[in-house]
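As structure tokens, the structure follows; a few thoughts come after it.
Atoms within a ligand are numbered from 1 in the order they appear, just like the ligands themselves.
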Amino acid sequence: MNPITPLSRHQTLESTPLWQQALAHAIRTPEALLAVLALKPEQLPRFFKGGDKFPLRVPLSFVARMKKGDPDDPLLRQVLPLSEENDFTQGYLSDPVGDLNASETPGLLHKYHGRALLITTAACAIHCRYCFRRNFPYHQQNAAANEWDEAIRHLEQDTSINEVILSGGDPLALSDQRLATLITRLEQIPHLTRLRIHTRLPIVIPQRICDSLLTWLGNCRLMPVIVIHTNHPNEIDIEVRGALRQLQTIPGITLLNQSVLLQGVNDNSDTLVALSEALFACGVHPYYLHLLDKAQGTAHFDVPPQRATKLFDEIHSQLPGYLVPRLAREQAGARGKTLLPLTSIAGGHGERSEGPSALS
Ligand code: SF4
């Protein structure tokens, strides 16, 4: 991942949007993070610095939602590098979901019928230790190269594509000016009807939902779908609720959430039920609960499928159907997400493909 650059010498504090100031001031060392949380290194003997390729990064507003003095805080666990990341685990890969085989032009991935995904940036506001793209070769795969020309050309020529997905990194780490330029070009492609944005920024820096973003997104010809990424109800505080309410003012918008089932973070039914309730209370539909994508360095987060389906049974028994996310895994080369059924319905642990209507 590329570093988020500190403010350039041409930017003054006053001219820089609040969310970019928050990005620039994110915590970048475990020592600083532990100090803010009043934790002693001996309480977390397994932490390490995260290395140069995927260093620790966490915005202060996200840290503010962690419990001081708690080494097991579920938000802390998502961002603090542990020494287990350095263990080699059989079956874990650098490209666990087959992104590179789906690359049609640099940074344009075409896996599923009707949808194409753009890698818009390597930058993220937060570095999630379980990230499936933590080893992704962003320097080779970036649709933003040459002002998006190759990606746009591919989208113009393939009339079977009606939905463009902005991914990364985090697409909302790009400036509104840069995003507006891209959207203007996408709008001119007549067979495109939907714009989907996968982002964790409204959660980790809710000020990202600013007037300028609401303006370009609100004026977009393409039907907007925002898929936020949150894993634990403690991530949703009053500012996040306000940001999500702001997004709902955009005509025709659909707001969905995807989570990853993570050991030590959200692998219990009470947390998952509370997460669905919290999301729906601010207008977001719980959509996917993903099994961990097996990226090398993430094995300590894995929840085995049998345990996952048992948890899924439990949340299904406590929530109305529309608040139960789909339990899914992504398999390299598959034509859609693979859904795991309820054990109580299926009587086993069989899987079925969701088919081409799946979210990417
Ligand atoms: S925000 Fe998404 S892409 Fe970025 S590190 Fe987290 S999981 Fe990975």
Asp170 heavy atom under 4.0 Å from ligand 1: no

Test of ring centre spacing under 6.0 Å for His290 and Tyr288: yes

SB check Arg153 Glu104 (cutoff 4.0 Å): no

Within one Ile-Leu-Val-Met-Phe-Trp-Tyr cluster: Phe132 and Val265, side-chain cutoff 4.5 Å: no

Option with minimal heavy-atom separation from atom 5 (S) of ligand 1, where the choices are Ser167, Ala295, Cys128: Cys128

Any N, O or S atom of Cys124 closer than 2.8 Å to atom 8 (Fe) of ligand 1: no

Ring geometry between Phe280 and His285 (parallel below 30°, tilted from 30 to 60°, perpendicular above 60°): perpendicular

